[in-house]
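Values reported hereafter were calculated over all heavy atoms of this structure, with side chains retained and with hydrogens, waters and symmetry mates removed. Below, chains carry the letters A, B, ... as their sequence lines are ordered, and counting in each starts from 1.
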There are 4 protein chains.
Amino acid sequence: MPTLTTKRDDVLGSALTLFAERGFDATTIPMIATDAKVGAGTIYRYFDNKEMLVNTLFQHYVTLFRETLEKDYPVEADIREQFRHLFQGMIRFTNEHDHALYFIKTHTSAYFLDATSREQFGDLLMIFETFFEEGKKHSDIRPLPSKALIAIIFGSFLQLYQLIRAGELEATEELLKGVEESCWDAVRHHS
Amino acid sequence: MPTLTTKRDDVLGSALTLFAERGFDATTIPMIATDAKVGAGTIYRYFDNKEMLVNTLFQHYVTLFRETLEKDYPVEADIREQFRHLFQGMIRFTNEHDHALYFIKTHTSAYFLDATSREQFGDLLMIFETFFEEGKKHSDIRPLPSKALIAIIFGSFLQLYQLIRAGELEATEELLKGVEESCWDAVRHHS
Amino acid sequence: MPTLTTKRDDVLGSALTLFAERGFDATTIPMIATDAKVGAGTIYRYFDNKEMLVNTLFQHYVTLFRETLEKDYPVEADIREQFRHLFQGMIRFTNEHDHALYFIKTHTSAYFLDATSREQFGDLLMIFETFFEEGKKHSDIRPLPSKALIAIIFGSFLQLYQLIRAGELEATEELLKGVEESCWDAVRHHS
Amino acid sequence: MPTLTTKRDDVLGSALTLFAERGFDATTIPMIATDAKVGAGTIYRYFDNKEMLVNTLFQHYVTLFRETLEKDYPVEADIREQFRHLFQGMIRFTNEHDHALYFIKTHTSAYFLDATSREQFGDLLMIFETFFEEGKKHSDIRPLPSKALIAIIFGSFLQLYQLIRAGELEATEELLKGVEESCWDAVRHHS
DNA sequence: GATGAATGAGTATTCATTCAT
DNA sequence: AATGAATGAATACTCATTCAT
């Protein structure tokens, strides 16, 4: 006996993979339906239309990501420890939800995102923004706009993630450690 | 008498802008034709089909970008100078060819890129790879896989460029200087 | 304990209203199910398919209309009295079965009516045909084909009924009296 | 060499027939395309969408019908002559534009008619309304609401027309003469 | 060479119908 | 018996591509 509303989850799963791999516009409803082993019409039982589907997906993973980062956040620890928490959070989230972070990043400024999606994405960025603002106050972080610092971290991480997914790089403990160090050096204040 | 094959260039110009702004799938041939002030059929005189058009465009700008980086490469200078050359090349290219780098970034792993496009993109990365390999030999660069280092630089730069295009960040001299420093710290070997 | 096969009647009732108001093609099975407070699948327990449902409905009301006209038919009365009976029968039927006559009118020549429906509609017209044939024999009725005379009466009445339903005309006693007179003058033999 | 924009006319012709025979909702774009021997996409070169197509068709024939009735209107003649003009106009228009009048009548109160269509239909009715109002003033016409009188004439005529199209009645000169007389008796004031 | 009208395969979406519960 | 989730064929409409002019 299958779990309740398996089909809805199947659709979301297939949509995540396809949107991440091909993008929203290049992914057709029949593609999703076939991949999810579901009739095309079934998708419309759970989602009003294709845009509702992306937005649902986007919000789901943005929220999940935010929660991952917020969970056990070491408020009292030093800034390097906090950075480690955030960076390891990105890695953990990526491992647990294969295409999710790449999907989020590539669809962040898409024309079809609704207000809620944009708002929740804003909430996500806020975590990093707060971290960087705080760090700059104590001169622990480079005096660059927080948005630029976020771009550097995210850009690096996602580009790297793409290489790993493509099999061009292996995600060893050592590599991830080195990249974290590199990213930290990119944003920290060098005295 | 108008310049020869002006129309072909008009098409390429319009395609670049539209692909960069809306993406390949959301850009229609009639859109390009209208923007280029050309009949839709004319596009097919110069390009076999839509995919041929993107690939031509992609290869054109990837090659141009590579040439920009290679030109006046300071082979004899020290590594920091070489890094500056590459980073300033990215900036210069971006300024001279408005949508080109963004177009390259957003279409780098697209499903419709052919072998030649992927190969030429590989050639482009090779410049950075050579730079990093050489740097690691002299312990000037962090001992990470070159691919990872490229991902960090490219990822950062392109993500940043996206913010600038979106108007969320202003490309001041100071910002660019700071970002270059940040990227350099991300890849250089810290003793 | 609820009345037996209430659900079948609920479906027929909702179908009548919706078919009359929106037409067969614009009415969906889910609409009927919702309106009848019944599951969509339940409709298929009572009717093989949507076409069977319309035909059942059509036949039901055509027969009911025929019976209304036949009941207490004043066989012995003079022709004017017989005409009054028929005309008042149309009015009475309309009052008792709100959407029925309009539904019949708008679906009379529909592509999905089966042989039985067409036959029973023929039987209904037969009442008028008999009336007119008899009247022409005695030179009380205009020497036109009975079918033409029926068209005139039916066409007039139903067109009028449409206006009343649309709220553009009020069905006062006086109006109905006047229209009856008009229709009678349309078919009677003027010496 | 075919006449210019033949295809647009072919589409309109096929649409008229199909809308008249099956109704708007039951007529699909592929049906029209097939009947007009035209690609489905071609229809959209000439009409924005299906609703635009019906409205164009509706307005075209309503206007044509109005012009037919207004042409050579015997303003100075007596009322019987004017009625003949109108009635013969309906016949002539029906003969020249096979399904047009039936299409107009069956789609008059459709949900998809736009403001222009409704307005132009109002203009058409105005001709009859003016005629009846004038007639009632001189006690030549029965004291019924003009709308009712129009319903009687149109209802009769169209119901009859259906019979003729179905082959159940032959449109002889004699029949049409008789029906005109009948309709006249239906609306004229009997002293 | 250049055009744009014409096409039909492909898209998102709806809905009659089935069937496991 | 009754339900409503699931389906896929069918719908309106779009767009890459062709081809007569």
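- Summarising the geometry, the separation between CG on B/Asp25 and P on E/dA12 is reported as 11 Å, rounded to the nearest angstrom.
- Toward the 5' end of DNA chain F, the nearer of the two residues D/Thr42 and C/Lys37, judged by each one's closest nucleotide, is C/Lys37.
- In this structure, A/Lys7 places its NZ atom 18 Å from P of F/dG4, rounding to the nearest Å.
- Take the nearest nucleotide of DNA chain F for B/Asp48 and for C/Gly41: the residue whose nucleotide is more 5' is C/Gly41.
- Remark on DNA chain E: of its neighbouring residues C/Met31 and A/Ile29, the 5'-side contact belongs to A/Ile29, judged by nearest-heavy-atom nucleotide.
- Between E/dA6, E/dT17, F/dT17, one nucleotide has an atom nearer to the side chain of B/Asn49 than all others, and that is F/dT17.
- In terms of phosphate contacts, D/Lys50 brings no side-chain nitrogen or oxygen within less than 4.0 Å of OP1 or OP2 of F/dT11.
- In this structure E/dA6 sits in a base pair with F/dT17, meeting the Watson-Crick or G-U test at under 3.5 Å.
- Taken to the nearest 0.5 Å, the CD1 atom of B/Ile104 stands 10.0 Å off from the NE2 atom of B/His60.
- Rounding to whole angstrom units, CE of residue B/Met52 and P of F/dT18 are separated by 13 Å.
- Residue B/Thr34 is out of contact with every strand shown, counting any heavy-atom pair closer than 4.0 Å.
- Counting only distance, with no hydrogens or angles, the side chain of B/Thr63 and the backbone of B/Gln59 share a donor-acceptor pair below 3.5 Å.
- Here the P atom of nucleotide F/dC15 and the CD1 atom of B/Ile32 are 12 Å apart, to the nearest Å.
- For B/Tyr46, a side-chain nitrogen or oxygen approaches OP1 or OP2 of E/dA2 to under 4.0 Å.
- Heavy-atom distances to DNA chain E give each of A/Phe24 and C/Ala40 a nearest nucleotide, and the one nearer the 5′ end belongs to A/Phe24.
- Using Watson-Crick or G-U wobble geometry with both donor-acceptor distances under 3.5 Å, F/dA1 finds no partner in any strand shown.
- Between the P atom of E/dG1 and the CZ atom of B/Arg8 lies a distance of 12 Å, rounded to the nearest Å.
- As a whole-Å value, the separation of D/Leu18 CG from F/dT11 C1' is 16 Å.
- Note: C/Phe19 and C/Phe103 have parallel aromatic rings, judged against thresholds of 30 and 60 degrees for the angle between ring planes.
- Between D/Ile43 atom CD1 and F/dC13 atom P the separation is 10 Å, expressed in whole Å.
- OP1 or OP2 of F/dC15 has not a single side-chain nitrogen or oxygen of B/Thr28 nearer than 4.0 Å.
- The phosphate of F/dT17 (OP1 or OP2) has a side-chain N or O of B/Tyr44 nearer than 4.0 angstrom.
- In this structure, C/Arg45 places its CZ atom 17 Å from C1' of E/dA16, rounding to the nearest Å.
- Between C/Asp25 and D/Arg22, no side-chain nitrogen of the basic residue sits less than 4.0 Å from a carboxylate oxygen of the acidic one, so the salt-bridge criterion is not met.
- Geometrically, A/Lys50 engages A/Phe24 in a cation-pi contact defined by less than 6.0 Å to the ring centre and at most 45° from the axis.
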